[in-house]
2 protein chains.
Amino acid sequence: MVKITDVARHAGVSPSTVSYALSGKRPISEETRRRIEASILQLGYSPHAGARALASSRSNVLALVIPLRAGIHVPVVMQFAVSVVTSARQHDHDVLLLTQEEGEAGLRRVADTALVDALIVMDLQLHDARLPLLRALDRPSVLIGFPQEPEGLTCIDLDFRAAGELCVEHLAGLGHRVIGLVGSPPEVYVRETGFAQRVVQGFTAAADRNGLSSSVHPCESTPAAARQVAEQLLRERPALTGVVVHNEPILEPLIDAFEGLGLRVPRDLSVTAICPDELAERARVPVTSIAIPAAEVGAGAVDLLMKKLGGGAAPEVTLLSPRLTVRASTMPRP
Amino acid sequence: MVKITDVARHAGVSPSTVSYALSGKRPISEETRRRIEASILQLGYSPHAGARALASSRSNVLALVIPLRAGIHVPVVMQFAVSVVTSARQHDHDVLLLTQEEGEAGLRRVADTALVDALIVMDLQLHDARLPLLRALDRPSVLIGFPQEPEGLTCIDLDFRAAGELCVEHLAGLGHRVIGLVGSPPEVYVRETGFAQRVVQGFTAAADRNGLSSSVHPCESTPAAARQVAEQLLRERPALTGVVVHNEPILEPLIDAFEGLGLRVPRDLSVTAICPDELAERARVPVTSIAIPAAEVGAGAVDLLMKKLGGGAAPEVTLLSPRLTVRASTMPRP
DNA sequence: CTGAAAGCGCTAACAC
DNA sequence: GTGTTAGCGCTTTCAG
């Protein structure tokens with residue numbers, strides 16, 4: 001193995017000069033720098049990560065905790081992960097993958113052994129057991145998602161409240177006056193990440209603001225439940241012409257159910273959703289939707305972490321603005 | 001930060017004794033071990049990963065390269081990844097996540113800097129550009145999937161040939177005499193991972209062995225193509241009663257197409273597939289299928305790597321036997 | 001702008 | 001069964 005002393009000798013300089021040439025932490029004469037670079041290339045030198053970590057107390061590795069819980073949409077998680085890795089690499093960092101399974105112990109382990117410099121945690125519960133630990137850890141962290149109390153933490157996610165509002169604004173702009181939100185399963189509104197509640201808040205607020213008649217319908221993620229909600233909606237609110245869906249698995253079944261009941265989308269009923277683009281695109285009728293900007297969130301999380309690692313302060317709350325993509329499932333009220 | 005000398009002093013032993021107590025690399029008296037463990041707990045000691053890596057030339061980290069290519073089924077990739085992480089942890093290793101994007105440079109980087117001890121590479125092309133590098137690297141690696149020439153490498157995957165055979169045996173056992181394989185898009189048979197070819201080989205061999213009349217139909221992954229293949233099959237092979245599908249996206253569309261042409265599944269036509277269970281389960285008619293045993297493959301890959309890291313020899317080829325799950329889409333020939 | 005040298009915290013001979 | 005100690009390869013004062 002070729003080491004820094006080999007390079008130094010070969011270039012006729014001291015090891016520290018090579019080190020500084022590599023890190024840029026002090027000025028090196030053009031001439032010296034070129035000689036060093038040539039030697040590195042010629043000898044095929046790569047600094048030893050462990051030695052570096054030991055001497056500098058920086059591993060240049062980030063931990064990424066990915067969720068395993070049922071009900072999460074896997075492709076989106078993958079998008080987050082890829083985006084985090086890509087962004088991390090741009091900051092000369094690597095990414096260590098942790099599963100939710102290891103829980104607090106895993107976080108503590110990689111932090112305490114100095115395996116990683118910082119952590120990114122996805123998929124937070126409103127009252128996550130890991131929060132106290134994350135607050136206490138000597139290493140910075142960024143959370144993707146929001147717990148009940150973001151105090152003392154750094155969180156980033158799509159602004160789900162604004163997403164709910166934006167869906168309503170879109171429908172209102174098309175002239176719809178009676179709308180419904182078909183939401184996540186009831187239990188999601190109780191525990192979990194709270195994003196479901198925020199969608200409801202945004203939906204309701206925007207509906208009120210625009211003078212729309214609105215109603216909210218939590219719904220299990222089964223076709224049968226979707227059918228039931230569709231029937232109920234038509235029965236109770238015959239003037240309904242707009243629906244917002246925030247429940248990935250039943251997007252298609254719900255549309256099927258409405259069509260089975262004689263409503264054509266979008267002729268009789270406009271449908272918007274908060275869901276991954278791929279799902280919205282692939283539906284029988286491509287659905288006007290707001291996607292989770294996984295790439296932006298991932299990159300943003302890394303940027304925040306880098307700022308903190310650099311000693312800077314990061315905002316506790318970072319909300320990304322939703323963007324609505326108009327597709328074939330919405331049109332002006334008949 | 002509390003270090004090994006602190007623990008040693010606190011426990012009244014030498015640093016090396018603490019080290020050996022931790023690694024188990026030499027016998028420690030019961031009494032001493034207890035004192036050390038108590039001190040570790042009391043002081044909250046965690047060994048510094050970098051220092052460890054430097055002194056032992058072992059980082060206890062594995063690299064996992066995940067694919068990004070279009071056409072791969074994301075949930076399966078995630079299953080692999082989770083399984084690798086879980087298995088690695090059981091061997092006291094962590095997992096560094098690399099994306100395909102970095103290519104050879106990424107592999108070289110993490111290997112040369114001694115960031116990782118070994119590598120797992122997913123989603124190999126038949127003639128993968130990374131193969132020479134993997135063969136030359138001073139660190140062991142395991143490939144999930146098979147290149148054209150596995151010589152000098154260690155590969156593991158589902159036995160796709162046996163999977164093709166098993167589907168046919170199942171249909172033959174139900175009395176079907178005329179069967180077809182609806183396969184992956186044509187281009188997949190040319191480049192890519194070669195698993196598609198192996199399914200065809202198994203399918204054809206088993207059909208011949210059982211005296212069945214068989215035909216193979218590559219198919220684009222679009223509903224339109226699926227419809228076309230269905231029509232063609234009915235036209236050219238009116239006696240057809242069994243179909244094997246090896247093309248995830250069109251599994252449902254193909255069944256729809258057959259039903260649209262007046263065939264009921266499974267009454268008139270038995271359908272089996274090679275695809276993730278979730279897909280097979282969720283179909284309109286739950287499909288008898290062979291899944292990719294992602295958890296087993298991931299765990300197997302880690303086991304092979306550990307064997308190699310331990311200085312042992314690992315077989316070049318490890319094929320996992322397919323398991324067929326009977327669901328509602330197959331029944332005896334009418 | 002460059003060098004010398006003292007560690008970083010741990011492991012693994014080597015000694016007993 | 002335990003202790004002593006020499007590194008592992010790099011970074012970073014301190015000195016010039």
Side-chain angles (χ1 to χ4, degrees), chain A residues 1-37 39-40 43-61 92 109-117 138, chain B residues 1-37 39-40 43-61 92 109-117 138 309 311:
Chain A
M1 186 206 194
V2 30
K3 39 202 190 194
I4 202 169
T5 51
D6 299 329
V7 175
R9 193 175 322 114
H10 188 272
V13 296
S14 76
S16 63
T17 302
V18 177
S19 176
Y20 284 119
L22 246 26
S23 69
K25 287 190 181 170
R26 82 181 185 190
I28 304 283
S29 77
E30 193 43 40
E31 156 67 5
T32 307
R33 151 162 288 124
R34 275 198 301 89
R35 276 220 314 288
I36 292 175
E37 274 164 8
S39 298
I40 288 176
L43 301 181
Y45 167 69
S46 325
H48 187 286
R52 219 168 214 199
L54 178 56
S56 68
S57 36
R58 279 300 192 103
S59 67
N60 276 36
V61 175
D92 193 32
R109 182 173 55 78
V110 296
D112 289 352
T113 59
L115 224 194
V116 307
D117 295 333
D138 55 332
Chain B
M1 185 204 193
V2 30
K3 38 201 189 197
I4 201 168
T5 51
D6 299 329
V7 175
R9 193 175 322 114
H10 188 272
V13 297
S14 77
S16 63
T17 301
V18 177
S19 176
Y20 284 119
L22 245 26
S23 70
K25 287 190 182 171
R26 84 181 184 190
I28 304 284
S29 77
E30 192 45 40
E31 156 66 5
T32 308
R33 149 162 290 122
R34 275 198 301 89
R35 275 219 315 288
I36 292 175
E37 275 165 8
S39 299
I40 288 177
L43 301 180
Y45 167 68
S46 325
H48 188 286
R52 221 170 212 195
L54 178 56
S56 68
S57 36
R58 282 298 194 103
S59 67
N60 275 38
V61 174
D92 194 31
R109 182 172 56 79
V110 295
D112 289 352
T113 59
L115 224 193
V116 307
D117 295 334
D138 55 331
L309 278 174

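The chains referred to below are lettered A, B, ... by the order of the sequence lines, with proteins before strands, and numbering in each begins at 1.
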- Item | Integer-rounded Å distance: C:dC1 C1' and A:Lys25 NZ | 18 Å

- Query: Closest nucleotide of DNA chain C for A:Pro15 versus for B:Pro47: which of these residues is on the 5' side?
  - Reply: A:Pro15

- Message: Expressed as a whole number of angstroms, how long is the span from A:Leu115:CG to C:dG9:C1'?
- Response: 14 Å

- Side-chain contact check for A:Ala51: nearest option of C:dC10, D:dT12, D:dC10 is D:dC10

- Item | Separation of C:dG7 C1' from B:Leu54 CG (nearest whole Å) | 12 Å

- Item | Interatomic distance, A:His10 atom NE2 to A:Arg35 atom CZ [nearest 0.5 angstrom] | 11.0 Å

- State which of D:dC8, D:dC10, C:dA12 makes the closest approach to the side chain of B:Ala55. D:dC8

- Item | Polar pair under 3.5 Å, donor/acceptor by atom type, side chain A:Tyr20, base C:dA4 | no

- Task: Step by step, work out the salt bridge (Lys or Arg N to Asp or Glu O under 4.0 Å) result for B:Arg9 and B:Asp6.
- Result: CA-CA 5 Å; B:Arg9 193 175 322 114; B:Asp6 299 329; 3.7 Å; yes

- Item | Closest listed nucleotide, where the reference is the side chain of A:Ser14 and the choices are C:dA4, C:dG9, D:dC10 | C:dA4

- How is B:Ser29 classified with respect to the nucleic acid when contacts are heavy atoms under 4.0 Å: base, sugar-phosphate, or nothing? sugar-phosphate

- Message: Rounded to whole Å, please give me the gap between CD1 in A:Ile28 and P in C:dG3.
- Response: 9 Å

- So does A:Ser57 get a side-chain nitrogen or oxygen closer than 4.0 Å to the phosphate oxygens (OP1/OP2) of C:dC8? no

- Message: From CZ of A:Arg33 over to P of C:dT2, roughly how many Å is that when rounded to an integer?
- Response: 9 Å

- d(CE, B:Met1; P, C:dG9) in whole Å: 6 Å

- Remember a base hit wins even if backbone is also touched, and classify B:Thr32 as base, sugar-phosphate or nothing at under 4.0 Å, heavy atoms. sugar-phosphate

- Note on the structure: Walking DNA chain D from its 5' end, the first of B:Val13 and B:Ser56 to be reached, judged by nearest nucleotide, is B:Val13

- Euclidean distance, atom CD1 of residue A:Ile4 to atom P of D:dT12 [Å, nearest integer]: 11 Å

- Distance-only donor-acceptor test (3.5 Å): side chain A:Ser16, base C:dA4: yes

- Value in whole Å for how far the P atom of D:dC8 lies from NE2 of B:His48: 19 Å

- Verify, without hydrogens or angle tests, whether B:Asn60 (side chain) and B:Asp92 (backbone) share a donor-acceptor contact under 3.5 angstrom. yes

- Any idea which of C:dC1, C:dG3, C:dA13 is nearest the B:Arg26 side chain? C:dA13

- Pairwise distance OG(B:Ser19) to CZ(B:Arg52) - rounded to 0.5 angstrom: 7.5 Å

- Task: Check whether the side chain of B:Arg52 and the base of D:dG9 form a donor-acceptor pair under 3.5 Å.
- Result: no

- Message: Checking the side chain of B:Ser46 only, and the main-chain atoms of A:Thr113 only, is there a donor and an acceptor separated by less than 3.5 Å?
- Response: no

